Amino acid sequence: MDLYDLVHGGGDAGRRTEGAPRPPATTAEELTAGLNPEQRKAVLHESGPLLILAGAGSGKTRAITHRIAYLVRVRGVPASAILAITFTNKAADEMRTRVDALVGPVSGYMWVGTFHAMMMRILRRHIDRLGFDRSFTVVDTDDQHRTVRACIADLGLDEKQFQVRSVHAAISRAKNDLQGVEEFEALAGGDWRQQKIAAVYREYQARLRRSGTLDFDDILLYAVELFERFPDVLSTYQDRFRHVLVDEYQDTNRVQYLIVRMLSAKHGNLCVVGDDDQSIYAFRGATVRNILDFEKDFPSCAVIKLEQNYRSTRAILDAANHVIAHNRGRKAKKLWTDVGEGEKVVLMLPADQEAEAFGVADRIQELTHRAGAARQEYREIAILYRLNALSRNFEEALNNARIPYRIYGGTRFYDRREVKDCIAYLNLIANGNADVAFERIVNVPRRGIGDATLSALVQAAGSRGLSRLDACACASEEPTLSRAAGRLGAFRGLILRFRERLAGNAAGLSDFIESVQNESGQIQELVDQNDEEGRDRLENLKELLSSAVLYERAVEEKRAALERGLPEGLHADDRDPPPADLAGMLLGFLEQVALYSDTDAMDETKDFVRLMTVHSAKGLEFRTVFLVGAEEGLFPGFRAIDSEDELEEERRLMYVAITRAKETLYVSAAKSRLMYGQTRGAMPSRFVREIPEEMLEVVEPGARRRSLLFERSGPAPWRDPDRVRYERSPGTAYGAPSGAGGGSGAGFGRPAAPMPGPGVRAFAPSKPAAPPPVAAKVPGALGADEIEKGARVLHARFGPGTVKQKEPVAGDAILVIEFDGAGTKRLMARQANLLRET
DNA sequence: GAACACCTGGTTTTT
DNA sequence: CCAGGTGTTC
């Protein structure tokens with residue numbers, strides 16, 4: 001048993017965090033007990049660059065965390081000198097948890113996080129050197145698109161020819177490749193289209209800069225610019241981070257490569273871990289070259305290969321190895337396992353997507369109702385697909401079979417309209433120049449500021465060099481705006497009042513946000529809407545408050561930890577102080593909102609089947625995996641079919657999918673599939689055909705008996721392209737699955753929970769959000785639970801009245817009150833500040 | 001300014 | 001088919 005197991009009370013998953021804390025290890029022997037020789041080499045590597053080529057399931061996280069522990073406990077490297085970069089926030093959380101178990105609370109002094117989160121920390125401190133205000137905010141994808149759209153319109157370009165998505169993609173690609181506007185223009189040469197895109201790029205950057213905002217790519221790009229232009233800043237961080245470790249190195253892009261290179265240039269202690277076979281983000285600018293060329297870039301580097309897989313059976317691993325062997329230009333390696341042969345990979349060939357969904361549901365029932373050790377829990381099962389769109393097929397079948405499930409991905413919690421509106425208010429309050437936020441909410445709820453007014457305002461703002469918000473103050477001087485001047489002034493007044501409250505540190509974060517929701521009129525609008533949708537949205541707004549409460553608690557915890565004093569060997573400068581005031585809290589919260597995704601909050605303990613894309617499954621493992629939609633045109637997608645490079649990326653994706661399975665793997669390829677309203681014949685994916693036939697067990701769910709085709713000798717027809725006909729069936733539309741709302745839904749209709757705070761391991765309640773403990777604004781005001789139907793109450797403005805109806809919503813309640821002198825109103829209990837009539 | 005009809009296009013995604 | 005965007009009408 002190795003130290004990790006000791007700390008965690010044994011077991012394989014390493015996700016458990018309970019168990020009595022043990023005294024941290026202090027010897028190399030203790031730290032490497034239970035590791036294989038290669039892992040041990042990785043842990044004990046002294047100094048200089050190190051490349052760890054870690055195959056799927058080869059225990060790389062264990063190697064990395066033990067290495068960090070070794071550096072800190074044995075080599076005496078201060079925790080604050082460690083910078084560990086991961087691909088997702090979830091991975092960062094896990095790494096911190098696991099290191100914490102090995103080294104204790106000093107782990108709080110390490111910097112562990114994504115590239116973006118880490119560079120945000122740095123930019124927050126120094127971005128003024130680049131001419132930005134330090135209270136800059138981050139725009140999300142949606143705002144990026146809005147901005148690009150505006151630029152395209154401004155330049156008088158045709159949106160048909162210059163599609164927002166593709167123009168934005170081009171800009172993003174350029175940024176990830178370190179091409180500034182100038183360089184992009186130079187490269188455009190005489191190409192008219194490229195020139196125009198360059199013009200959009202220029203305008204886009206100018207707009208972002210004017211509004212004091214950064215997009216995701218800027219976070220990294222400006223970090224590089226900062227380091228390049230201000231060597232003293234770079235030097236500070238080079239001296240501080242004496243060990244830089246990067247996980248998922250195969251998914252880094254040029255900018256990230258440069259950051260890592262710059263930060264480690266002085267001491268050369270750069271340790272990267274990755275697997276070229278799992279590089280699946282080239283479409284986003286990641287380049288496998290970073291990992292393939294590591295030995296060239298860092299000639300003195302040590303290379304360690306981790307090839308023993310601890311996750312999957314041999315049957316699964318062999319299948320994976322056969323598929324990936326078809327890729328060229330990969331580092332030679334062959335994963336092996338001693339877990340045992342296991343059962344054959346099952347190839348399901350259902351007739352269509354319905355039979356597929358019901359076949360999978362059927363099999364899940366069977367797996368979860370077995371006796372003894374063969375019985376599986378829902379949480380051990382995942383359904384993986386290439387495209388989010390495929391998830392819909394499964395909802396109906398799983399509901400039907402009463403199988404609890406949850407879909408990951410799709411719409412983020414923070415992407416819901418009402419939540420985004422609230423966030424836009426907060427962004428505008430934090431940063432008055434945030435024009436995109438302004439435009440989003442200036443008329444939400446309706447304030448009589450329509451398109452005409454808005455474009456006149458934009459005009460006025462442009463000519464005066466003011467932000468939209470400040471231009472509102474000059475509306476009376478503009479003939480085109482004079483009629484709306486009152487309304488614009490009122491809106492600006494509203495925002496300024498919030499800003500004063502913010503500057504005056506007048507409340508806690510969640511109270512503050514609640515006041516914004518109330519006083520902006522957002523809440524009242526939904527209360528008046530008086531339908532199911534309105535109540536849903538109210539719940540989401542309340543849930544946003546819950547995540548603000550979690551954030552407050554996380555900050556509080558961090559503050560308390562810092563006050564406990566400095567562990568030995570650390571300096572006061574190493575502290576990364578939590579936000580000290582309301583304004584800082586707001587910025588921190590907004591940052592978290594921008595940088596955290598739904599999948600980061602995946603709760604591993606809940607018992608339901610997980611549905612997600614293969615991309616989001618990277619880094620995860622499941623006892624049983626159903627890989628569905630393994631058909632030509634779908635996986636690989638038809639766009640990838642005529643490009644060798646893209647085909648190889650798809651193959652790596654398939655490799656990732658297969659290697660997620662520990663014990664049982666089902667691959668399914670429907671013979672015909674309804675897509676985009678059309679039924680198309682389909683053929684099993686070429687990747688499936690790359691698995692030797694004898695390694696597969698073929699089943700046809702839904703078929704009365706095995707098809708004659710499969711009892712014949714000779715090549716099975718499904719792997720012979722000529723024998724599989726594209727059967728065109730009439731466009732019979734199966735009713736759309738009764739999806740309970742679109743996007744990210746949970747089994748039996750629960751929306752996804754919001755994110756935890758940074759470093760908070762407690763997750764938000766996924767049941768109807770417990771109301772955040774927000775203090776009532778008026779002393780003695782009645783809470784929702786103190787008001788019953790029929791009660792006599794007193795309202796500050798409407799006077800006395802009788803409660804006619806009470807509808808509970810997310811811990812609060814909508815009250816219908818008949819006032820004696822002011823008619824009947826619908827009010828939110830907490831906002832109404834009612835008193836009992838005396 | 002809102003409600004409705006029409007059209008278009010449609011990977012993967014974390015940050 | 002279905003979401004999101006645009007255009008038309010009242």
Side-chain angles (χ1 to χ4, degrees), chain A residues 85-92 113-120 138-142 144-146 149 159-160 163-166 169 172 175-176 214-221 223 248 251-253 255-256 279-286 353 384-390 392-393 408-412 414 417 443 445-454 591-600 612-619 629 633-641 646 649-650 652-654 656-657 673-680 731-737 739 742-743:
Chain A
I85 300 175
T86 57
F87 195 63
T88 64
N89 294 296
K90 182 175 152 48
T114 61
F115 273 103
H116 291 83
M118 300 296 92
M119 294 308 111
M120 274 298 277
V138 176
V139 295
D140 64 11
T141 320
D142 208 62
Q144 292 175 43
H145 284 144
R146 284 163 185 261
R149 178 166 291 125
E159 231 193 79
K160 293 238 161 59
Q163 294 200 10
V164 175
R165 281 180 74 97
S166 78
S172 180
K175 288 182 174 188
N176 283 321
L214 270 60
D215 71 12
F216 293 125
D217 305 318
D218 289 335
I219 295 172
L220 305 183
L221 209 57
E248 308 281 14
D251 289 320
T252 52
N253 59 36
V255 184
Q256 292 165 331
S279 155
I280 54 175
Y281 283 100
F283 70 92
R284 228 170 63 194
Q353 75 286 333
L384 307 182
Y385 32 77
R386 176 70 241 265
L387 268 69
N388 271 316
L390 291 196
R392 297 187 130 258
N393 295 331
Y408 291 95
T411 323
R412 288 191 328 157
Y414 293 124
R417 197 191 1 128
N443 203 28
R446 310 262 158 242
R447 312 191 160 84
I449 301 170
D451 288 347
T453 307
L454 194 58
E591 195 170 306
Q592 179 190 304
V593 169
L595 300 182
Y596 271 68
S597 74
D598 255 12
T599 19
D600 291 331
M612 65 187 90
T613 61
V614 180
H615 280 94
S616 21
K618 195 178 68 157
L634 206 59
F635 196 177
F638 63 93
R639 326 176 75 108
I641 282 177
E646 286 182 49
E649 173 140 322
E650 296 278 304
R652 291 192 292 269
L653 194 57
M654 176 63 76
V656 168
R673 180 171 297 273
L674 180 70
M675 259 212 124
Y676 301 143
Q678 275 190 316
T679 303
R680 320 247 294 120
T732 40
Y734 298 102

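Not measured: the values here are computed from a predicted model. When reading the values below, keep in mind they use all heavy atoms of this one structure, side chains included, and skip hydrogens, waters and symmetry mates. Just so we're on the same page: letters track the sequence lines, and every chain starts at 1.
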Polar side-chain contact R386(A)-dT11(B) base: donor and acceptor under 3.5 Å: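 Between dT11(B) and R386(A), which were checked side chain against base, a qualifying N/O pair under 3.5 Å is absent.
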Polar pair under 3.5 Å, donor/acceptor by atom type, side chain R284(A), base dT12(B):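 There is none.
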[X] [atom1] - [N] [atom2] separation (whole Å):
| X | N | atom1 | atom2 | value |
| --- | --- | --- | --- | --- |
| Y408(A) | dT13(B) | OH | C1' | 17 Å |
| H116(A) | dT13(B) | NE2 | P | 17 Å |
| H145(A) | dG5(C) | NE2 | P | 10 Å |
| L634(A) | dT11(B) | CG | C1' | 10 Å |
| Q678(A) | dG10(B) | CD | P | 16 Å |
| L220(A) | dT14(B) | CG | P | 16 Å |
| D251(A) | dT13(B) | CG | P | 13 Å |

Distance check: side-chain N/O of [X] vs OP1/OP2 of [N], anything under 4.0 Å?
| X | N | value |
| --- | --- | --- |
| N253(A) | dT14(B) | no |
| R165(A) | dG9(B) | no |
| Q592(A) | dT15(B) | no |
| N89(A) | dT15(B) | yes |
| T141(A) | dT15(B) | no |

Sugar-phosphate, base or nothing in reach of N388(A), heavy atoms under 4.0 Å: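 The residue N388(A) makes sugar-phosphate contact but no base contact.
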Sugar-phosphate, base or nothing in reach of G450(A), heavy atoms under 4.0 Å: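 If one applies the 4.0 Å heavy-atom cut-off, G450(A) turns out to touch the sugar-phosphate alone, with no base involved.
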Spatial distance of atom CG (D218(A)) from atom CE (M119(A)) [nearest 0.5 Å]: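 Here the interatomic distance stands at 14.5 Å.
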Minimum-distance pair of heavy atoms, taken over all atoms of I641(A) and G633(A):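 Heavy atoms of I641(A) and G633(A) come nearest at CD1-N, 4.0 Å.
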Whole-Å P distance, dG4(C) and dT13(B):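 Pairwise P distance, dG4(C) against dT13(B), rounds to 16 Å.
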Centroid under 5.5 Å and tilt under 30°, F283(A) to dT12(B):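 So yes, this residue stacks on that base, both cut-offs being met.
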Aromatic plane relationship, F87(A) with Y281(A) - under 30° parallel, 30 to 60° tilted, over 60° perpendicular: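 Rings of Y281(A) and F87(A): tilted, 30 to 60°.
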Proximal nucleotide (of dT13(B), dT15(B), dT6(C)) relative to the T88(A) side chain: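 Nearest listed nucleotide: dT15(B).
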Selection from dT14(B), dG1(B), dT15(B) that lies nearest to any side-chain heavy atom of F216(A):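 Selected nucleotide (nearest to the side chain): dT15(B).
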